[in-house]
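First the structure, in the form of structure tokens, and then the observations on it.
On a predicted model such as this, the values are computed, not experimentally measured, just so you know. Only this structure's heavy atoms are used, side chains among them; waters, hydrogens and symmetry mates stay out. Order of listing sets the numbers, starting from 1, for every ligand and every atom in it.
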Amino acid sequence: MSEKPIYVTQPQLPPLEDLIPYLEQIWENRVLTNRGPFHNQFEQALAEYLGLEHLSLFTNGTIALVTALQALRIRGEVITSPYSFVATAHSLLWNGIQPVFVDIDPKTMNLDPTKIEAAITPETTAILPVHCYGNPCDVDAIEEIADNYNLKVVYDGAHAFGVQCHCGSVLKHGDLSVLSFHATKVFNTFEGGAIVCPDAKTKQHIDRLKNFGFVGETTVVASGINGKMHEFSAALGLLQLEHIDAAIARRREIDAAYREQLAAVPGITCPTRAGQQVDNYAYFPILVGPEYPLERDAIYEKLKEHGIHGRRYFYPLISQFPMYRGLPSARPDNLPVATEVAEQVICLPIYPDLSAADVERITGLLRDYAQEPQRSEAS
Ligand code: T4K
């Protein structure tokens, strides 16, 4: 097998020569971090691009999540999705909060709002839903529950860069929303993240929290953390904004090609993107059902033999990791939909530089395996 490996994603980067002037400026003025000029410029430009008024840049999405929970002083129990990257629940543990896992909706793969109320106890203080794969959560239903029970809502919007639902940016919902600009995301600053804030006062509080809690030179008002984005990431972010629309447009073509080429393959489901008015095509999950001759893990391994490295996002469920599996809400019988989806999912490669020929090669293999007579024995 001599072909170049294809990974689930490949970071999008601007032309290197375009970055040099930015680096020269950093070298010239020697401001590397702590709200430097590129940080402030990028913060504003990003808010404008996303159609938001207030956001605070962070060093990564995980520290942003931890800080968002701190900012709202969330304690006790928080209802969240088991079907996500482990950072979602880890941000709760880092705040001494107990996660309470609630099952997902099979269509959106997001928290199922009809199952949230049954999980609320006197200790519940908030809901931490995830816009999984960039599919918007049912924000209206979640807001109604939160209002009825006086709960805060922090959205993990790590996958939801640029996504708009029925009322504009999906990131406007909840008390706070968190973004990730990790290398593997639709929009990257190498590492990076942000908290979307409802108003200037909240942003000011969060700006302080990400800078150790400092106000001025000698006063510390909170036990803050170091969550600041540095100048290199911010400069890169400014450049990345110039290319993001073209990148998402290319992702859209790849998404459409996969759907068309896999439509007639029995046992392979391409979940429809649900509820986006504007989509970002962040991931391309497929579900491998019992009608397909090979089990999910067998396909995953066979594709790897051909240099195609899909990923089983999100298997195992967060609730199956050692620090969570003892929780009552982590039992698989409490999470039947998430458990089944996690057993069936593979995210296929999707990124702007993936060629049409590569997509055809991947779908061709999946069509070939579909010809096999029956599920192969354990392999
Ligand atoms: N909430 C949610 C819902 C999230 O999905 C995430 C992160 C977070 C919160 C936390 O945000 P951050 O703190 O990360 O900002 C990756 C990412 O590390 C992680 O950011 C992401 N979610 C998660 C879904 O995926 P891995 O362990 O799969 O990454 P890795 O290194 O195996 O990368 C996958 C493939 O991407 C590689 O096989 C090759 C390619 N790749 C990766 C990197 C890092 C590159 O080509 N270049 C690169 O630099 O977790």
So which of His90, Lys185, His131 gets nearest to atom 21 (C) of ligand 1, if we judge by its closest heavy atom?
-> Lys185
Hey, looking at atom 6 (C) of ligand 1, which of Phe190, Phe85, Tyr133 has the closest heavy atom?
-> Phe85
Please determine whether a side-chain nitrogen of the Lys or Arg among [X] and [Y] lies less than 4.0 Å from a carboxylate oxygen of the Asp or Glu.
| X | Y | value |
| --- | --- | --- |
| Glu43 | Arg35 | yes |
| Glu253 | Arg250 | yes |
| Asp105 | Lys107 | no |
| Arg251 | Asp279 | no |

Shortest non-hydrogen separation from [X] to [Y] and the atoms involved:
| X | Y | result |
| --- | --- | --- |
| Val220 | Ala222 | CG1-O, 3.3 Å |
| Gly310 | Ile346 | CA-CG2, 4.3 Å |
| Leu354 | Pro349 | CD2-O, 3.3 Å |
| Thr33 | Met229 | OG1-O, 4.0 Å |
| Ile350 | Asp255 | CD1-N, 4.1 Å |

So for ligand 1, is [X] a polar contact partner (N or O within less than 3.5 Å, distance only)?
| X | value |
| --- | --- |
| Arg311 | yes |
| Ser84 | no |
| Val8 | no |
| Gln10 | no |

Would you call Tyr283 a ligand 1 contact, heavy-atom distance under 4.0 Å?
->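 Yes, Tyr283 has a heavy atom closer than 4.0 Å to ligand 1.
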Any Glu191 heavy atom less than 4.0 Å from ligand 1 |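 For ligand 1, residue contact (heavy atoms, under 4.0 Å) with Glu191 is absent.
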Taking the six-membered ring where the residue is Trp, are the ring centres of His90 and Phe85 under 6.0 Å apart?
-> no
Number the atoms of ligand 1 from 1 as they appear, then name those within less than 4.0 Å of a heavy atom of [X], with their elements.
| X | answer |
| --- | --- |
| Ala183 | 49 (O) |
| Ala87 | 8 (C), 9 (C), 10 (C) |
| Ser180 | 11 (O), 12 (P), 15 (O) |
| Asn60 | 13 (O), 15 (O) |

Do His166 and Asp140 come close enough that some side-chain heavy atom pair is under 4.5 Å?
->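 SC-SC contact between His166 and Asp140 confirmed.
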Considering only heavy atoms from C-beta outward, does the side chain of Tyr133 approach that of Arg273 to under 4.5 Å?
->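 Yes, at least one pair of side-chain atoms sits under 4.5 Å.
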Starting from [atom], which protein heavy atom do you reach first, and at what distance in Å?
| atom | result |
| --- | --- |
| atom 18 (O) of ligand 1 | His182 CE1, 3.1 Å |
| atom 9 (C) of ligand 1 | Asp156 OD2, 3.5 Å |
| atom 40 (C) of ligand 1 | Thr9 O, 3.4 Å |
| atom 46 (O) of ligand 1 | Pro11 CD, 3.3 Å |
| atom 28 (O) of ligand 1 | Tyr313 OH, 2.4 Å |
| atom 13 (O) of ligand 1 | Thr62 OG1, 2.5 Å |
| atom 33 (O) of ligand 1 | Thr184 CG2, 3.7 Å |
| atom 5 (O) of ligand 1 | His159 NE2, 2.7 Å |

Please check atom 31 (O) of ligand 1 for a protein heavy-atom neighbour under 4.0 Å.
->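 Given the 4.0 Å limit, the answer for atom 31 (O) of ligand 1 is no, no protein heavy atom qualifies.
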Quick one: does ligand 1 sit under 4.0 Å from the side chain of His309, the backbone, both or neither, non-hydrogen atoms only?
-> neither
Under the side chain to side chain donor-acceptor pair (under 3.5 Å) rule, what do Ser56 and Asp207 come out as? Steps first, then yes or no, please.
-> CA-CA 6 Å; Ser56 179; Asp207 283 346; 2.7 Å; yes
